[in-house]
Amino acid sequence: MQTEKKDIRALTKEQLRDFFVAQGDKAFRGNQVYEWLWNKGAHSFEDMTNIAKVTRNLLEEHFVINHIKVDQMQRSADGTVKNAVRLHDDLVVESVLIPTETRTTACVSSQVGCSLDCNFCATARLKRMRNLNPDEIYDQVVAIDNESRLYYDRPLSNIVFMGMGEPLMNYNNVLKAIDKITSPEGLGMSPKRITVSTSGVPKMIKKLADDEVKFKLAVSLHSAIDEVRSGIMPFSAKFPLKDLRESLEYWYSKTKSRITYEYVVWKGINDRKEDIDALVKFCKYVPSKVNLIEYNPIDDGEFQQANPEAIDNYIKALEQNGIVVVVRRSRGKDIDAACGQLANKNEAV
Ligand code: SF4
């Protein structure tokens with residue numbers, strides 16, 4: 001019986017060097033192949049032209065090179081680009097390129113579907129099928145970097161982990177992907193240009209702090225009142241705000257990096273004065289800023305964008321208390337690429 005071949009890109013450079021030594025070849029051969037895989041983006045062993053045919057055959061016997069394939073690319077009227085990305089096992093995730101005057105941001109997925117159950121989110125309706133591998137996350141970024149160069153004549157400037165999935169539920173693979181993205185052998189991007197956005201898993205936020213990561217952290221807060229928050233994000237009943245607060249204080253004490261709170265205001269859900277007061281109070285625990293995000297209804301359900309006055313009340317209260325607040329208009333609505341809308345609508349997943 002033939003054993004299943006391994007994805008060669010799951011190997012570290014050290015492991016590749018060890019493979020060649022075990023085969024009676026030189027460790028250096030591992031460096032050469034690694035360079036083909038990561039710096040030159042080889043899609044097949046045949047592409048590795050400075051590697052002897054016999055060695056390429058050996059690689060072929062043991063490994064496969066799994067690459068993502070951008071199946072369908074849609075461009076929004078506002079310039080946003082959404083990729084439907086097909087994985088080697090035929091599952092599909094989505095990633096988005098968001099251009100502004102000065103920057104190009106990639107919004108990437110970390111899981112197929114999602115482990116969590118936020119009531120306002122289209123991805124939550126797809127059950128979690130699996131975690132993405134580090135190379136599948138990395139490849140989404142490379143695809144968007146290429147599109148950024150093609151359409152906007154500039155490289156990708158920022159990355160947010162805000163696509164499908166909860167990145168901290170795929171902790172190791174997300175961190176490995178970020179290592180590759182920031183390493184000179186990968187894209188050499190600064191970690192300061194990368195934001196991991198979590199729905200707020202306290203234990204994992206503490207782990208990030210202990211691992212001394214250099215990227216930025218954003219938390220989807222949406223309410224600073226436990227009962228309201230667990231009505232929006234049911235899983236958060238298990239992680240009360242006092243635990244979240246404690247983990248964020250720990251994060252800040254270790255990293256000195258300001259937190260961004262992602263916050264959507266919905267009509268009749270979190271648009272009261274007491275919701276605003278609770279957010280202002282929560283923001284004072286740790287240096288932070290607030291992104292107020294425009295909502296894109298995913299159907300005619302209970303989650304509807306709040307009235308402009310409610311948003312204004314939030315802005316006024318935050319500013320009066322010296323808290324930085326940015327209103328984020330949603331992009332790519334016409335192609336379902338906006339926040340909370342990623343749900344593989346065009347694919348049978
Ligand atoms: S908002 Fe994020 S964490 Fe919540 S269900 Fe959607 S993808 Fe998962």
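Ligands are counted one by one from 1 in listed order, and the atoms in each one are counted from 1 as well. The residues of the chain are indexed from 1 along the displayed sequence.
- Of all the listed residues (Ser115, Ser197, Cys114, Gly113), Cys114 holds the heavy atom that lies closest to atom 8 (Fe) of ligand 1.
- Residue Cys121 does not count as close to atom 8 (Fe) of ligand 1, with no N, O or S atom under 2.8 Å.
- Considering only heavy atoms from C-beta on, Tyr34 stays 4.5 Å or farther from Asn31 through its side chain.
- Here atom 2 (Fe) of ligand 1 lies nearest to Gly165 when heavy atoms of Ser199, Ser220, Gly165, Pro234 are compared.
- Here Cys118 reaches atom 4 (Fe) of ligand 1: one of its N/O/S atoms is less than 2.8 Å from the metal.
- Between Arg149 and Asp145 there is a salt bridge, since at least one side-chain N of the basic residue sits less than 4.0 Å from a carboxylate O of the acidic one.
- Each of Gln72, Glu147, Gln74 was evaluated against Asn83; a single residue qualifies, Glu147, per the side chain to side chain donor-acceptor pair (under 3.5 Å) test.
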Pairs of donor and acceptor atoms involving the side chains of residues 309-316, under 3.5 Å and at least two apart or interchain, shall be tabulated with distances.
unit_1 : atom_1 : unit_2 : atom_2 : d
Asn313 : ND2    : Glu309 : O      : 3.4
Tyr314 : OH     : Tyr263 : OH     : 2.7
Tyr314 : OH     : Asn270 : O      : 2.7

